[in-house]
K.L.:
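Here it is, the structure, as structure tokens.
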Amino acid sequence: MVIQDYYEGKAFDAYTYFGAHIEYEGGVTFRTYAPNARAIELIGEFNGWNGFYMTKEGTSGVFSAYIRDASAGQMYKYRIHGGDGSVVDKSDPYGFRMELRPNAASYIVDMRAFEFTDGEWMRNRQKNYDLPMNIYEIHMGSWKMKHDEPQGDEDEPLPVEERWLSYREIAEPLISYLKTHGYTHVEVMPLSEHPADCSWGYQVTGFFSPTSRYGTPDDLKYFVNECHNAGIGVITDFVPVHFAVDGYSLAKYDGTALYEYPNTGAGASEWGTYNFNYFRGESRCFMQSAANYWLSEYHFDGIRMDAISNIIYWQGDAKRGINNGAVNFIRSMNSGLHHLHPTAILMAEDSTNYIKVTAPVEYDGLGFDYKWDMGWMNDTLDFFRTPPEERSRHYNKITFSMQYFYNELYLLPISHDENVHGKATVIQKMWGDYDVKFPQCRAFYAYMYTHPGKKLNFMGSEFAQFREWDETREQDWEMLKYPRHDSFSRFVSDLSALYKSNPALYDGEYNSECFRWLEADAAEDCIYIYERMADCRKILVVLNLSDKGYENYTVGVDGEEIFTEILYSDSDIYSGNTPTKAVLPIKSERAPHKRHNWSFKDTFAPFSAKIYSVEKA
């Protein structure tokens with residue numbers, strides 16, 4: 001790293017300079033940046049936790065020390081004598097591993113020890129613009145656990161840390177599950193070290209430290225490597241906006257506001273954390289180096305960046321105006337990451353109407369590859385909450401997304417946020433009682449998987465889990481013993497297979513010529529019909545989102561074509577009411593219907609989706 005680049009906010013490799021680095025000739029060099037500190041003592045296992053004063057390198061703000069007797073696996077901290085008169089023991093901001101909460105010492109790590117064997121995957125990796133991308137979002141600690149029930153005394157369940165699967169232990173069962181159920185990628189909620197389990201990793205203390213909850217850095221590398229060798233991409237959640245206020249972390253690191261804003265009006269976030277001050281070059285280098293670190297050292301295939309609205313606007317509030325320092329930072333970081341990792345995926349979780357989020361930086365965009373379509377998610381779930389007798393008045397909530405879809409490169413997210421905090425899980429959000437929720441939820445997912453845009457689904461949703469997600473419990477896998485849940489899981493798996501095997505559902509999906517509404521004006525019937533196309537391949541989708549069944553319903557089309565049913569959400573194999581049997585293709589006739597010169601007739605059950613392959617007659 002060039003130190004001048006660090007001051008100017010240009011460096012992406014600050015972690016190769018700062019932190020604890022094992023030297024080839026032996027011993028360890030420690031460096032930390034604390035320009036306003038009066039002095040810094042290095043304390044650790046190698047010196048009996050007795051202070052060793054680090055050397056201040058001129059006026060650079062860098063303190064360093066070389067310890068010959070230090071080695072991998074030993075713990076250490078910096079005892080910082082702050083510019084405000086304070087004396088605080090801090091973990092290393094650039095430390096590669098930390099103790100499990102509530103302890104906070106950093107570990108010396110040999111980052112060269114693990115050898116990846118995923119060279120073929122890395123060479124062939126793509127951003128999947130014209131390929132399927134079906135993402136399974138998980139919380140590493142609560143997908144599955146070693147023991148989910150108390151052992152012995154029911155009042156004394158095992159501590160959660162004794163039930164977590166390690167990075168290595170989760171690899172085989174998770175990969176098998178992903179492949180069986182048709183997912184192309186797994187997205188893990190933040191793995192940077194964090195003190196509170198209930199923050200789910202969104203209040204970070206160790207931006208370069210994979211959480212010790214599930215093992216060591218080498219264990220995480222093993223997990224990613226195994227996924228790649230099985231053909232599964234791995235995306236990590238990343239928190240660029242704010243950091244935890246714990247005294248051992250970044251807060252007032254050198255006794256002054258080094259990484260945060262000096263005033264609480266801008267510096268304190270709505271989550272009780274501190275916002276990064278991206279007007280400072282050191283903060284910019286810290287975070288963009290962290291992003292580069294996860295992509296370089298762990299071979300992650302992409303980064304999903306959290307709360308981008310709070311990057312764009314001061315405190316995430318458009319009324320407060322654009323935070324130009326943070327916006328310029330995100331542009332610079334994304335541009336640099338694209339240069340360093342041309343095939344890595346950068347995603348924005350952004351709920352604003354800010355334009356050009358996925359436009360290249362050179363065209364005044366923010367430089368993301370994909371943006372979460374929060375509007376689609378909110379409108380669609382609101383519609384499915386609505387009683388059937390009122391849906392005609394909300395008909396356009398289903399069609400509205402395609403009016404703006406081509407403004408950005410969108411991903412359709414059904415994330416953890418839609419399964420917590422009293423919002424209810426996806427199946428629970430559906431209108432009506434238990435029996436009627438399932439056909440609606442099948443229709444919902446059929447709509448999602450045939451709508452343009454990449455897909456993201458949170459764990460448990462694929463088998464219609466009713467209980468809201470709780471980070472202290474594994475998913476309710478016992479639900480699969482019940483036919484409705486088991487058949488729902490089969491339906492989502494079949495949808496995934498259909499999505500992956502039909503180029504009309506992904507090839508050219510960001511080209512407006514590859515989607516067309518055939519029926520978007522049937523509010524009273526609550527029927528929607530649309531086509532997905534790629535080259536000469538075509539899929540037709542009919543959604544009946546009413547509580548009425550239709551026999552011999554007329555579907556207007558544009559030519560003499562043959563329609564073959566390839567998936568019907570009301571099939572009895574999915575716990576629907578239509579017996580499974582061989583279905584004969586339907587040929588359209590020259591019978592005008594509305595604005596179409598050709599049409600065919602078919603039957604559509606209440607709350608159902610029917611998908612056809614289309615061929616010219």
Side-chain angles (χ1 to χ4, degrees), residues 1-3 5-6 9-24 29 31 72 92-98 106-127 167 185-188 190-193 201 204 206-211 215-229 232-240 282-305 329-330 332-347 361 367-369:
M1 186 194 77
V2 178
I3 193 67
D5 288 345
Y6 178 73
K10 297 177 181 178
F12 280 75
D13 58 349
Y15 69 91
T16 65
Y17 181 75
F18 294 110
H21 295 277
I22 299 172
E23 303 293 350
Y24 284 99
T29 297
R31 294 190 190 92
D92 189 343
Y94 288 89
F96 298 139
R97 184 187 172 200
M98 288 173 62
S106 298
Y107 284 91
I108 301 168
V109 177
D110 183 357
M111 293 299 290
R112 301 165 298 196
F114 185 86
E115 294 185 10
F116 281 93
T117 60
D118 61 350
E120 182 177 0
W121 169 273
M122 297 297 287
R123 287 189 297 273
N124 296 325
R125 184 175 73 178
Q126 298 187 46
K127 293 179 183 287
Y167 297 118
H185 293 70
V186 60
E187 179 178 315
V188 287
L191 294 177
S192 299
E193 195 59 83
V204 181
F207 283 85
F208 294 81
S209 298
T211 177
T216 67
D218 280 359
D219 293 335
L220 177 55
K221 291 177 181 180
Y222 172 89
F223 170 78
V224 176
N225 193 61
E226 290 297 296
C227 286
H228 286 175
N229 288 330
I232 299 292
V234 188
I235 297 166
T236 185
D237 214 335
F238 188 69
V239 187
E282 303 95 323
S283 290
R284 296 197 297 274
C285 283
F286 179 83
M287 188 51 64
Q288 65 199 23
S289 293
N292 179 39
Y293 166 79
W294 294 106
L295 294 173
S296 297
E297 300 296 330
Y298 291 90
H299 288 199
F300 279 111
D301 301 291
I303 291 175
R304 176 267 194 186
M305 299 195 198
F329 154 72
I330 210 75
S332 176
M333 178 172 72
N334 286 349
S335 179
L337 292 176
H338 283 308
H339 175 74
L340 293 168
H341 308 279
T343 60
I345 297 165
L346 305 180
M347 295 182 184
V361 172
F368 286 99
D369 296 305

K.L.:
Of T236, V239, V204, which is the lone residue that meets side chain to side chain contact (heavy atoms under 4.5 Å, CB included) with S192?
P.N.:
V204
K.L.:
If the test is side chain to side chain contact (heavy atoms under 4.5 Å, CB included), which one of D369, L295, N334, D237 qualifies with I303?
P.N.:
L295
K.L.:
Could you give me the CA-CA distance, side-chain angles and deciding distance for L191 and F223, then say whether side-chain contact (heavy atoms from CB on, under 4.5 Å) is met?
P.N.:
CA-CA 13 Å; L191 294 177; F223 170 78; over 6 Å; no
K.L.:
Measure the shortest side-chain to side-chain distance between H341 and M122 over non-hydrogen atoms and say whether it is less than 4.5 angstrom.
P.N.:
no
K.L.:
Shortest non-hydrogen contact from V361 to G367?
P.N.:
CG2-CA, 3.9 Å
K.L.:
In chain order, what residues pass the side-chain contact (heavy atoms from CB on, under 4.5 Å) check against A11, with sequence neighbours excluded?
P.N.:
M1, D5, D13, C285
K.L.:
Say whether Q126 and T343, considering side chains only, have a donor N or O and an acceptor N or O under 3.5 Å apart.
P.N.:
no
K.L.:
Tell me the closest heavy-atom pair linking S296 and Y15, and the distance in Å.
P.N.:
CB-OH, 3.8 Å
K.L.:
Cationic tip of R304 within the cone over F238's six-membered ring, i.e. under 6.0 Å and within 45° of the normal?
P.N.:
no
K.L.:
In Å, rounded to the nearest 0.5 Å, how long is the span from NE2 of H299 to CZ of R125?
P.N.:
8.5 Å
K.L.:
How many angstroms lie between atom CZ of R31 and atom OG1 of T16, to the nearest 0.5 angstrom?
P.N.:
9.0 Å
K.L.:
Establish, for the pair K221 and Y298, whether the NZ or CZ atom is under 6.0 angstrom from the six-membered ring centre and no further than 45 degrees off its axis.
P.N.:
yes
K.L.:
Taking the six-membered ring for Trp, is the centroid-to-centroid distance between F12 and Y6 below 6.0 Å?
P.N.:
no
K.L.:
Determine the minimum heavy-atom distance between P240 and M305, stating which atoms define it.
P.N.:
CG-CB, 4.2 Å
K.L.:
Considering residues at least two apart in sequence or located in another chain, which fulfil the side-chain contact (heavy atoms from CB on, under 4.5 Å) criterion with V109?
P.N.:
F96, R97, Y107, M111, P217
K.L.:
What do you reckon, is NZ of K10 surrounded by more than 12 foreign heavy atoms closer than 6.0 Å?
P.N.:
no
K.L.:
Measure the spacing between SG of C227 and CD1 of I235 and express it to the nearest 0.5 Å.
P.N.:
11.5 Å
K.L.:
To the nearest 0.5 angstrom, please state how far the CG atom of N292 sits from the CG atom of L337.
P.N.:
6.5 Å
K.L.:
Show your working on side-chain contact (heavy atoms from CB on, under 4.5 Å) between F329 and M287 and close with a plain yes or no.
P.N.:
CA-CA 9 Å; F329 154 72; M287 188 51 64; 3.7 Å; yes
K.L.:
Is the distance from the ring center of F207 to that of F286 below 6.0 Å?
P.N.:
yes
K.L.:
Start with the C-alpha distance between I330 and F368, add both sets of side-chain angles, then the distance that settles side-chain contact (heavy atoms from CB on, under 4.5 Å), and finish with yes or no.
P.N.:
CA-CA 9 Å; I330 210 75; F368 286 99; 3.9 Å; yes
K.L.:
How close do D118 and N225 get, counting heavy atoms only, and between which atoms?
P.N.:
N-OD1, 3.4 Å
K.L.:
Does any non-hydrogen side-chain atom of K127 lie less than 4.5 Å from one of L346?
P.N.:
no
K.L.:
Would D301 and W121 satisfy side-chain contact (heavy atoms from CB on, under 4.5 Å), going step by step from the backbone distance to the final call?
P.N.:
CA-CA 10 Å; D301 301 291; W121 169 273; 2.8 Å; yes
K.L.:
Can you name the closest pair of heavy atoms from M333 and A291 and give their distance?
P.N.:
SD-CB, 4.0 Å
K.L.:
Could you pull out all residues at least two apart from T216 that satisfy side-chain hydrogen bond (donor to acceptor under 3.5 Å, both in side chains)?
P.N.:
D219
K.L.:
Rounded to the nearest 0.5 Å, how far does NE2 of H21 lie from OG1 of T29?
P.N.:
8.5 Å
K.L.:
For the rings on Y94 and F18, is their centre-to-centre separation under 6.0 Å?
P.N.:
yes
K.L.:
First locate atom CD of E297, then atom CZ of F114, and finally report the distance between them rounded to the nearest 0.5 Å.
P.N.:
12.5 Å
K.L.:
Do you know which two heavy atoms are closest between S209 and M98, and how far apart they sit?
P.N.:
OG-CG, 3.6 Å
